Number of protein chains: 4
Amino acid sequence: MTKKSEEKYDKILQAAIQVISEKGYENTSISDIVKSAGIAQGTFYLYFPSKSSLIPAIADHLLTITFEKMKLVVSDQDSFWIVLEKVIRTTFETTEDFKDIIILCYSGLAIEHSMEKWEIIYQPFYQWFEEKINLAIKHQEIIDTIDVKLTTKMIINLMENTAERYFIGKEHDALEEEYQKEIYNFIKRSLSAF
Amino acid sequence: MTKKSEEKYDKILQAAIQVISEKGYENTSISDIVKSAGIAQGTFYLYFPSKSSLIPAIADHLLTITFEKMKLVVSDQDSFWIVLEKVIRTTFETTEDFKDIIILCYSGLAIEHSMEKWEIIYQPFYQWFEEKINLAIKHQEIIDTIDVKLTTKMIINLMENTAERYFIGKEHDALEEEYQKEIYNFIKRSLSAF
Amino acid sequence: MTKKSEEKYDKILQAAIQVISEKGYENTSISDIVKSAGIAQGTFYLYFPSKSSLIPAIADHLLTITFEKMKLVVSDQDSFWIVLEKVIRTTFETTEDFKDIIILCYSGLAIEHSMEKWEIIYQPFYQWFEEKINLAIKHQEIIDTIDVKLTTKMIINLMENTAERYFIGKEHDALEEEYQKEIYNFIKRSLSAF
Amino acid sequence: MTKKSEEKYDKILQAAIQVISEKGYENTSISDIVKSAGIAQGTFYLYFPSKSSLIPAIADHLLTITFEKMKLVVSDQDSFWIVLEKVIRTTFETTEDFKDIIILCYSGLAIEHSMEKWEIIYQPFYQWFEEKINLAIKHQEIIDTIDVKLTTKMIINLMENTAERYFIGKEHDALEEEYQKEIYNFIKRSLSAF
DNA sequence: TATGAATGAGACTTCATTCAT
DNA sequence: AATGAATGAAGTCTCATTCAT
């Protein structure tokens with residue numbers, strides 16, 4: 001893909017995200033998207049093979065951004081517990097920022113009966129966090145009797161789902177910081193080596 | 001609603017669940033549903049105001065079944081850790097049994113931009129498990145420094161999401177029993193009073 | 001099919017024939033047809049599964065009319081040579097009357113890569129004429145050394161194609177009656193028992 | 001047209017014939033053709049003014065090939081009945097070889113509502129065969145009471161349509177040789193001077 | 001209460017053609 | 001002469017919903 005065509009791809013993707021976030025996937029027509037992107041109807045199909053192919057593209061885009069942010073705020077020098085705290089906070093932040101996109105990814109991936117794709121898209125993030133956990137085990141910050149793969153995914157899902165319940169499900173049983181603190185404590189009690 | 005009309009309501013709902021589970025919400029037409037239910041096109045609208053009104057009805061139906069099963073397997077005499085084990089197992093079982101319905105609830109609720117409804121539908125289940133936790137605190141089986149509401153939801157979501165990743169996301173990093181065991185241990189380490 | 005729905009089927013078919021005859025198959029949209037038939041867009045699809053399904057229906061309709069006319073003008077008392085003369089004349093008449101429909105059948109069946117259907121549709125007409133020939137053999141009006149099936153089809157095609165060249169191909173190397181006479185003589189010389 | 005541009009014209013035409021033969025005229029896009037020809041989208045329009053202009057070009061190409069073959073197999077020394085036999089056989093051969101192209105010519109010419117063009121394209125072939133017939137009359141091989149023009153066309157159409165019914169319509173009431181023999185006999189009985 | 005034919009808006013997608021490079 | 005990205009009109013078909021019976 002040339003630089004110019006990549007630009008157009010991004011332009012379409014951005015327009016799609018914006019429109020679909022507002023109106024929902026099913027209520028958005030290609031016509032809406034191209035109008036918003038300022039291109040012709042047919043041009044859309046030069047960059048995406050179909051309407052439904054937008055969803056994985058959007059999901060991918062979302063995780064890329066999220067993951068970038070994680071890597072940005074977390075330093076290699078941070079202890080595991082600092083990392084955890086930062087990851088929780090960042091998860092809440094990105095969930096708030098991108099809640100509409102998250103919703104459409106849920107619906108989209110569900111629509112396409114392709115929940116498996118989540119796993120593929122999440123792979124780099126899982127891997128990154130797995131390494132943090134392995135390091136923490138090595139540094140004896142956390143116990144070594146866990147299944148690292150499973151625990152990684154449990155933690156990430158715990159953070160994400162709680163944040164989603166808070167921002168998307170509008171579940172407000174406590175303040176945001178208390179939510180974050182409660183997750184942190186829950187995990188710390190479970191994994192701490194001391 | 002008379003008994004007879006309730007029967008027809010159920011007949012339509014069952015047909016809807018079956019067809020939508022197979023084909024997905026968007027690919028299912030009212031025509032498909034009424035054919036499967038053996039009624040006329042117009043009759044559908046005597047029982048449901050619209051196609052989209054099926055989704056909350058189905059979600060409600062799903063939670064009702066799940067919750068019934070929970071209450072059935074769990075005895076009041078069970079210790080909290082027995083309860084937890086049973087609840088985890090039952091969650092995995094129902095997730096496997098109803099994975100198609102779960103998917104359609106995800107997509108459906110997302111479609112309707114009404115994730116909040118989940119919370120309402122889940123209310124009775126949350127409440128029931130909250131009581132179990134409060135009892136466990138009282139019996140000094142688990143620590144008393146937690147936020148009960150938040151912890152309840154975290155646990156339930158932890159179980160459900162892991163089960164969904166396993167059965168729907170086809171994530172198979174370990175055997176099913178190991179998944180269940182890992183969740184159990186994770187929670188136990190975090191909450192156990194000893 | 002009830003009487004009323006049969007009426008609507010015919011109404012659509014007539015509208016389709018008329019519009020497609022004028023504009024050609026490819027240049028005709030369903031929208032044109034339903035407008036001409038005075039029905040709603042969707043109604044079309046209650047009676048025909050697709051646009052292309054019109055073609056066999058039209059072809060069938062055409063042959064039905066043609067065949068009816070043949071049976072009407074030809075009497076059981078007619079000698080074979082009278083029958084032949086009448087069939088040639090009728091072929092020319094119907095070709096002139098329905099030349100637009102004939103064109104669309106050609107294009108349509110060709111488009112659908114389903115030339116074989118012609119044979120099926122023509123079956124009753126072929127059969128009827130075959131019997132005439134068999135009778136003529138029995139009555140020793142024509143020779144008995146021919147392959148009846150093949151000869152039947154050759155004769156019918158000879159008549160039809162010549163008529164089509166005359167009316168559709170606008171080939172006017174002679175007067176219409178001369179064309180008819182030439183076909184008649186050609187066949188008579190070939191088959192006459194004397 | 002320079003030699004080089006003629007080559008490219010042919011390349012496009014060949015590609016068009018091949019692709020349209022496979023997929024049918026309507027299902028073939030210019031995009032398919034240029035891909036197959038290995039040229040750019042816009043280049044097509046340097047050699048053909050429009051998609052539909054391909055059809056007469058293809059038809060012309062088809063008849064050129066067919067006619068070349070006829071002239072090749074038929075010798076000036078052949079008696080009329082030898083010529084007839086050879087022409088019938090060749091007609092069957094080319095019909096088999098080019099059945100897809102024939103179909104597309106039918107549909108194409110019909111699409112364009114320009115059946116008359118057939119006559120123009122066929123002109124040289126008609127003329128050639130007419131001369132054969134005139135010669136046969138002169139040599140008293142066949143009777144002289146026929147209309148040469150009309151009879152020529154009847155014979156050619158008889159051969160072609162029978163071959164088309166056999167190879168395209170998949171009408172198999174007898175073996176191929178029997179079909180050819182039956183046509184031959186039919187014509188011979190009709191025209192033979194003895 | 002039940003029916004099911006009719007509606008008609010609107011969606012996705014294709015593709016012949018153009019034109020700036 | 002050649003390219004190929006962009007255009008945007010147009011087409012087929014679906015389907016939730018209505019309403020006369």
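No experiment lies behind these values; they were computed from the predicted model shown. In what follows, chains are A, B, ... by sequence order, proteins preceding strands, each numbered from 1.
Taking the nucleotide of DNA chain E with the nearest heavy atom to each of Ala40(B) and Thr28(A), the more 5' of the two is matched to Ala40(B). Nearer to the 5' terminus of DNA chain F, by closest-nucleotide assignment, is the contact made by Leu46(A) (compared with the other of Leu46(A) and Asp32(B)). Residue Gly38(C) is the one, among Gly38(C) and Ser29(A), whose nearest nucleotide of DNA chain E lies closer to the 5' end (criterion: closest heavy atom).
In this structure the side chain of His61(D) never reaches within 4.5 angstrom of the side chain of Ile101(D), judged on heavy atoms. At least one side-chain heavy atom of Tyr47(B) sits under 4.5 Å from a side-chain heavy atom of Ser5(B).
A side-chain contact (heavy atoms from CB on, under 4.5 Å) with Ile102(B) holds for exactly one of Thr66(B), Thr94(B), Thr95(B); it is Thr95(B).
The side-chain contact (heavy atoms from CB on, under 4.5 Å) search around Tyr45(C) returns Ile30(C), not counting sequence neighbours. Contacts of Gln123(D) classified as side chain to side chain donor-acceptor pair (under 3.5 Å), with partners at least two apart in sequence or in another chain: none.
What separates NZ of Lys11(D) from P of dA1(F) is a distance of 15 Å, to the nearest Å. Rounded to whole Å, atom C1' of dC15(F) lies 12 Å from atom OH of Tyr25(B). Residue Lys35(B) contributes atom NZ, which lies 15 Å from atom C1' of dT3(E) at whole-angstrom precision. dA2(F) atom P lies 13 Å from atom CZ of Phe48(D), rounded to whole Å. A straight line from CD of Glu7(B) to C1' of dA2(E) spans 16 Å, rounded to a whole angstrom. Here dC13(F) presents its P atom at 11 Å from CD1 of Ile33(C), a figure rounded to the nearest Å. When the C1' atom of dG10(E) is taken as reference, atom CD of Glu26(B) falls 14 Å away, rounded to whole Å. Here the C1' atom of nucleotide dA5(F) and the OH atom of Tyr9(A) are 18 Å apart, to the nearest Å.
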>> Let's go through Gln18(D) and Gln14(D) carefully: what are the C-alpha distance in whole Å and the side-chain angles of both, what is the deciding distance for side chain to side chain donor-acceptor pair (under 3.5 Å) to 0.1 Å, and is it a yes or a no?
In response: CA-CA 6 Å; Gln18(D) 200 233 338; Gln14(D) 288 304 333; over 6 Å; no

> Can Ile20(B) and Ile58(B) be said to form a side-chain contact (heavy atoms from CB on, under 4.5 Å), step by step?
Replying inline: CA-CA 10 Å; Ile20(B) 300 180; Ile58(B) 291 172; 4.1 Å; yes

Distances under 3.5 Å between protein N/O atoms and the N/O atoms of nucleotides 17-19 of chain E, please, pair by pair.
unit_1  : atom_1 : unit_2   : atom_2 : d
dT17(E) : OP2    : Tyr45(D) : OH     : 3.0
dT17(E) : OP2    : Lys51(D) : N      : 3.1
dT17(E) : O4     : Gln41(D) : NE2    : 3.2

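Pairs engaging residues 29-39 of chain D under the salt bridge (Lys or Arg N to Asp or Glu O under 4.0 Å) rule: Lys23(D)-Asp32(D) [sequence neighbours left out]. Within the structure, the salt bridge (Lys or Arg N to Asp or Glu O under 4.0 Å) test picks out no pair touching residues 40-56 of chain C (sequence neighbours left out).
Residue Lys8(B) is in sugar-phosphate contact alone, with no base atom involved, counting any heavy-atom pair closer than 4.0 Å across all strands shown.
Distances were taken from every side-chain heavy atom of Thr43(D) (C-beta onward) to each of dT3(F), dT7(F), dT7(E); the shortest belongs to dT3(F).
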> Dot-bracket for DNA chain E, 5' to 3', with Watson-Crick and G-U pairs under 3.5 Å, [ ] for crossing pairs and | for other-strand pairs: what is it?
Replying inline: .||||||||||||||||||||

